[in-house]
Asks: 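Quick one: the structure is below, and I'll ask about it shortly.
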Amino acid sequence: MTSSVIIEQLKRERILDLLKEGKRLDGRGLYDQRTLTIETGIIPKADGSARARLGDTEIVTGVKIQPDKPFPDLGDKGILICTAEILPLADPGAEPGPPNEEVIELARVVDRGIRETEMVDLKQLVLKKDKSVIGIFIDSSVINTDGNLFDTCSYASVAALLSCTVPKYEIKEDVPALVEGQRSKPPIKTIPVSVTMARIGEHIVVDPTADEEACMNARITITTNSEGNICAIQKGGNDGFAVEQLFKCAEIAISVGTKIRKRLEQLM
Amino acid sequence: MTSSVIIEQLKRERILDLLKEGKRLDGRGLYDQRTLTIETGIIPKADGSARARLGDTEIVTGVKIQPDKPFPDLGDKGILICTAEILPLADPGAEPGPPNEEVIELARVVDRGIRETEMVDLKQLVLKKDKSVIGIFIDSSVINTDGNLFDTCSYASVAALLSCTVPKYEIKEDVPALVEGQRSKPPIKTIPVSVTMARIGEHIVVDPTADEEACMNARITITTNSEGNICAIQKGGNDGFAVEQLFKCAEIAISVGTKIRKRLEQLM
Amino acid sequence: MTSSVIIEQLKRERILDLLKEGKRLDGRGLYDQRTLTIETGIIPKADGSARARLGDTEIVTGVKIQPDKPFPDLGDKGILICTAEILPLADPGAEPGPPNEEVIELARVVDRGIRETEMVDLKQLVLKKDKSVIGIFIDSSVINTDGNLFDTCSYASVAALLSCTVPKYEIKEDVPALVEGQRSKPPIKTIPVSVTMARIGEHIVVDPTADEEACMNARITITTNSEGNICAIQKGGNDGFAVEQLFKCAEIAISVGTKIRKRLEQLM
Amino acid sequence: MNENGIRCDGRKIDQLRNISLKVGVLKNADGSAYIEFGKNKILAGIFGPRDVHPKHMADSDKGILRCRYHMSPFSVTERKNPAPSRREIEISKVIKEALQPAVILKDFPRTVVDVFIEVLQADGGSRCAALDAASIALADAGIPMRDMVSACAAGKVADQIVLDVNDEEDKEGQADMPVAYMPNLGKVTLMQLDGILTPSEYKKCLETAIGGCKQVYEIQRKALMEKYFENGSQ
Amino acid sequence: MNENGIRCDGRKIDQLRNISLKVGVLKNADGSAYIEFGKNKILAGIFGPRDVHPKHMADSDKGILRCRYHMSPFSVTERKNPAPSRREIEISKVIKEALQPAVILKDFPRTVVDVFIEVLQADGGSRCAALDAASIALADAGIPMRDMVSACAAGKVADQIVLDVNDEEDKEGQADMPVAYMPNLGKVTLMQLDGILTPSEYKKCLETAIGGCKQVYEIQRKALMEKYFENGSQ
Amino acid sequence: MNENGIRCDGRKIDQLRNISLKVGVLKNADGSAYIEFGKNKILAGIFGPRDVHPKHMADSDKGILRCRYHMSPFSVTERKNPAPSRREIEISKVIKEALQPAVILKDFPRTVVDVFIEVLQADGGSRCAALDAASIALADAGIPMRDMVSACAAGKVADQIVLDVNDEEDKEGQADMPVAYMPNLGKVTLMQLDGILTPSEYKKCLETAIGGCKQVYEIQRKALMEKYFENGSQ
């Protein structure tokens, strides 16, 4: 135990020393993401699916689409729900059981990124107003953790959604009935891209690893839409940001987001 | 820790010594309640609300009224449900989470006081027999504890109910629909008043404080209706009562209850 | 504690020594069950009920029959659900609360024995296809434990089912309505009999006691139907079986099962 | 109730339902009892004094008492969800508080005595019947006791105070008052009331219930005697 | 909003709703505050530093901070289930992280400071109002602090950046950005955004929110002064 | 099945579905494997031997084995609730008992070896496929083992005993018998049966399943060899 604490401490000092020279432990520039790979269609039984790897962080997302009752007072919109689970095989510290506050935050931040950008036109998913709508369930399973679950989970979820097809349902005798063999693309309006940054000392780094997260002061996730506007933000971590840092973070999020969006657009 | 145990012990001895002279730690007579203040309408978003303070015990109750399905076999009656939570900010010993047995008992005793006196004529709350009725939810949040939660919670609940207004619903296409701007008083038949007494040694004291509860032998809560009849009883605590004590307690409950009822009647 | 561990150890050695001579601690032969007593109709408020005692293991099962919605995709079949609880008064190690993995396994193995033999013709329990069916709930409460809960629970459940009567329901205005006074026997097609065996060393023993289970290597439960076919199997325990042992177990299960089935047939 | 004061099940107003009580019915429990009280069929099992889990619940000065009152899913007309309801949790608490004055646990610090009650079939007055069984199960377990706890309800049916209200009477009844009583110490350890009583009816109802408790006490004594003296060691 | 830049509740675009803040309102808590912020009515109570349960959560190097943000069932239009929702769990986390930079717990190893927040009535901006109350409740409890935490939202309504969005504006609003700020240290400790902002609107929105936080800070200072100096010991 | 004994997916009656097995696929786990078995896609990850939490579960004489078999919500046709079902809890138990005879944990008292299985996509025979992956993931984690555990089901479809029933066959199938086998020690460590078999069919079915296990064993060996010898350190 003691030796691992010492190693952690040394690693932290090394990270800080390197940052003073504008460098990172894995050789990246401060605003560089790790290598991102995205595969879609990996779960044929799902209506859409994707595996995203950002460095060693790996997440599988499946999309299930089925008729549901609308939320009260939202009878003119379909349903979209994001969930997440850090599988216990993904991390020695993860525990089986109901989601803790970190996993709930993860799912809700990914959800808001998709919802607030209005990526999916939920008004097109109504079967019968106030009675029956299409529900889109976007469930993410974290397979391996190495920092920045937010972006990895967001990319996997967006990719699964972009690559999904929607089965056709019709109302028959007041009940939604599947129309076989008539699948269509979902009504996509924009592509949200989440970019997470950490403040370590007074440095801002993009896409922190687990080691970097362990020594960061604070974290921010900024999601932009295809127009380059800012649509969702979540600050985290046990310290704050100066206002100028937050202005800078927004610029970085827009610039990094543009590159990622091009990757995601190819999946449509 | 030790010193606080000693103080507790000294306080207990002092309470018992005083009782031998017919006195209480806060100067009250044995059958006197602490100062009761009741404010209604404190939560405008609720259909009814009240804050009751009995000494330093303080409870906020809100009433929400909305259509619901009737209970099976009770299709000719509206629904009335009391819940309670001891907020963790109310008491250093309270814990967040699902209600423990004490809180469940509190809610059920308050509920029975209102239900068994037939305070609200539930038969007038039916929208469509067996299908749709009005539900009255009476939720109490304990804000600060200093003994006798039963009476404080009962007064707050009854006051919130007396001061509430019921929105009008009509059945349209088999579904209850709100009729805007037509609120009415609830169908009140009687006013239940709960009076809680503690047995300390062979003395009966009304409205025990937390210090008195800590050294009481047993507890009894007796609820009476506007006719001065007895409608609900709950004995508690780890010892018993002699029969004569129970006769005496009923007399006290009726006499103290009459005074409180006059306070509550003014809220209608 | 230490002395009880020593006693356990001595008991285990004694069991193994006896088995070498083909004997058991309670005098039974290796393939003999303990005395089985079955009483039915012990819970008149239930639609069927039974108490089964196998040695000192004792289980009470009640059957409740009421209309329900069918499972999705199984709209042409009634519902049958087995549950089990080891009551905390049954065993010093049992704990109140949600069922643990052993109790879940117990309920599911009993359930499969009844379901896979198709004991009850669920197709005869449909009130309105896809909308409303008869549900049969078979709930078992373990009263005292002394090994082989599987068989005891299976016999109690089967006996409760054989002795139950099914109330008649008719669809009126789309809702199932009870037709008073018209009860009938359930549609029974076959009688499943579960036989549980333990492997201790290289010996197979039928109907292990708690002491025998404490030193068994592995366990197997084989359920046969009235035709003498094998319909459900569950292997348990922290070791395995040789293939020849599994062949032998099937023979034993068929032969012991035939005797038990005669007992159960008398309950119809 | 008919003009002769005969109730729907043929009883007089001050008559108990049939009670059958058996001690020592469970092999694994340290003490146990089975009661049939009208149509109630209830088991009580005792474990302890034994170590407390979780440990932070232990009291270093004395043993603690815990109680679980639970109904089997098949015990009532409509199948009951096996998870404990709020009603069962409340009844568990008042039963524990009714038994507490009778047990002497000061010599067993850091231990717990667990009272487990299972209602196999429920009728009116199940909490009283449960208490009657639990009390002699505690005695059967050898737990030191100051007194027996005997319980019985009284109530108001068709404007009359009657002893031991059954399920059918309870449905149309005007009041139900379950009472537990320590017959030698003369103390009421459980009392609840649902329904409406005038002050004088209240007194009569309580006295009637205590009269019932005293009858129950004789049945409890007899059951213990049967186990420990007639079939037993002496 | 009308042509003169007057909002639906009569406010100007850079005007806060009415705020009333009172310190030391709860007898049992170590520190407490009650805030009315528009229609928000929120209590905050502090306990600690005190022993941690369960013990494995304790940190041997410093005290830990815990936070529960909870809404009463009657606090919103449709009755809320009392069990904590996913939204409440997330808000509890971001509030904790917003307060953490302000508190100094290194001298209290193995202890916890518990921040309990109860929303009695909810309006727009309830997490900011909750933070404002929690922050001075911490001060009231005597917890050592580096700075106050002052919180306020800004947003976009009818294409304009406005301060302190209320519930009605939020429903048809285009963006809502809650912000918490340490006014002396100049650090943003909570920031969230729901809705769509151009990069320049983003800057303006954040600056507007911080302006609001500074106004809130004066109200917090005044409330503390009232308790500790005007009615108080000095 | 057609007249030539060719099954709906083109296989012969004694033919396994396609199996692809890869060892060491997870960075953080101490051992891991990924299997595609027909349409099953399953991950297994091992942690341990490591400290047990909660501590009262620890065994002072030997290490313990724990197992969680879990299905992702998107793994089946109808979205699955992420909370563990009774079926998943039972399968977790039988998988643990099937692996237990193979692992040697006596040298690791007070520790636990955790086997975590995630079914990303489910097809017939998912518990067998999960076992096949878990068994070599244990080997990959360096846990001392007496033998590999190889698993495969056999069943009865269209009145014939066939190896390795897939989902489509299972739906109209007459029996399904999952079996796990230690190929060198010759022991069956998991056996279940759903469906109806005559005594002779039972024997044939078990023998067929064991034949399948032996084929699976070769695939497991090859996968381990690939990691440890062909791409590996030697």
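Below, read A as the first sequence line, B as the second, and so on, with proteins coming before strands; counting in each chain starts at 1.
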Asks: Among the options Glu101(C), Glu251(C), Gln245(C), Glu227(C), pick out the one with the most heavy-atom pairs lying under 4.5 Å from chain F.
Replies: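 Sorted descending by pairs with chain F, the first entry is Glu101(C).
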Asks: Just to verify, which of Arg7(F), Gln15(F), Lys156(F) counts as forming a side chain to side chain contact (heavy atoms under 4.5 Å, CB included) with Val162(F)?
Replies: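 That would be Arg7(F); it is the only one of Arg7(F), Gln15(F), Lys156(F) passing the side chain to side chain contact (heavy atoms under 4.5 Å, CB included) with Val162(F).
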Asks: Can you tell me which portion of Pro99(C) sits under 4.5 Å from chain F's heavy atoms? Options are side chain, backbone, both or neither.
Replies: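 Contact with chain F involves the side chain of Pro99(C) alone.
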Asks: Should the pair Glu118(C)-Arg115(C) be classified as a salt bridge under the 4.0 Å nitrogen-to-oxygen rule?
Replies: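 Salt bridge: no.
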Asks: For Glu102(C), which atoms come within 4.5 Å of any heavy atom of chain F: side chain, backbone, both, or neither?
Replies: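 For Glu102(C), backbone and side chain are both near chain F.
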Asks: Which region of Asn217(C), side chain (C-beta onward) or backbone (N, CA, C, O), has a non-hydrogen atom less than 4.5 Å from a non-hydrogen atom of chain F, or is it both or neither?
Replies: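 No part of Asn217(C) comes within 4.5 Å of chain F.
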Asks: Looking at Pro72(C), Gly236(C), Cys231(C), which has the largest count of heavy-atom pairs under 4.5 Å with chain F?
Replies: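 Top option by heavy-atom pairs under 4.5 Å: Cys231(C).
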Asks: Of the backbone (N, CA, C, O) and the side chain (C-beta and beyond), which part of Leu246(C) lies under 4.5 Å from a heavy atom of chain F, both, or neither?
Replies: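 Looking at Leu246(C), backbone and side chain both touch chain F.
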Asks: Please identify, among Asp194(F), Leu190(F), Ile210(F), the residue contributing the most non-hydrogen atom pairs under 4.5 Å to chain C.
Replies: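 Among Asp194(F), Leu190(F), Ile210(F), the one with the most close pairs to chain C is Asp194(F).
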Asks: For Lys39(F), does the NZ atom sit with more than 12 other heavy atoms under 6.0 Å from it, leaving out its own atoms?
Replies: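 Result for NZ/Lys39(F): open.
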Asks: If you apply the rule side chain to side chain donor-acceptor pair (under 3.5 Å), what do you find for Ser194(C) with Thr221(C), and how did you get there?
Replies: CA-CA 6 Å; Ser194(C) 151; Thr221(C) 300; 5.3 Å; no
Asks: Can you tell which of Val188(F), Val179(F), Ile89(F) has the highest number of heavy-atom pairs within less than 4.5 Å of chain C?
Replies: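 Option with the greatest count: Val188(F).
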Asks: Does Asp114(F) come within less than 4.0 Å of Arg66(F), counting only side-chain N to carboxylate O?
Replies: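 Salt bridge present between Asp114(F) and Arg66(F).
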Asks: Is the backbone of Glu213(C) close enough, under 3.5 Å, to the side chain of Arg219(C) for a donor and an acceptor to pair up by distance?
Replies: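 Between the backbone of Glu213(C) and the side chain of Arg219(C) there is no qualifying donor-acceptor contact (under 3.5 Å).
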Asks: Check each atom of Ala232(C) against the heavy atoms of chain F and say whether the ones under 4.5 Å are side chain, backbone, both or neither.
Replies: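 Both parts, heavy atoms under 4.5 Å.
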Asks: Do Thr83(C) and Asp139(C) have a side chain donor and acceptor closer than 3.5 Å?
Replies: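 A donor-acceptor contact under 3.5 Å links the two side chains.
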Asks: Taking Pro199(F), Gly195(F), Gly186(F) one by one, which has the highest count of heavy-atom pairs under 4.5 Å against chain C?
Replies: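 When all of Pro199(F), Gly195(F), Gly186(F) are compared, Gly195(F) has the most.
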Asks: For Arg86(F), is there an ion pair with Glu90(F) - N to carboxylate O distance below 4.0 angstrom?
Replies: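 Judged by the 4.0 Å cut-off on N to carboxylate O distance, Glu90(F) and Arg86(F) do not form a salt bridge.
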Asks: Side chain, backbone, both or neither: which part of Glu207(F) has a heavy atom under 4.5 Å from chain C?
Replies: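 Contact with chain C: side chain only.
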Asks: Just so I understand: if I count every heavy-atom pair under 4.5 Å between each of Ile196(F), Leu65(F), Val94(F), Leu185(F) and chain C, which residue has the most?
Replies: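 Most heavy-atom pairs under 4.5 Å with chain C: Ile196(F).
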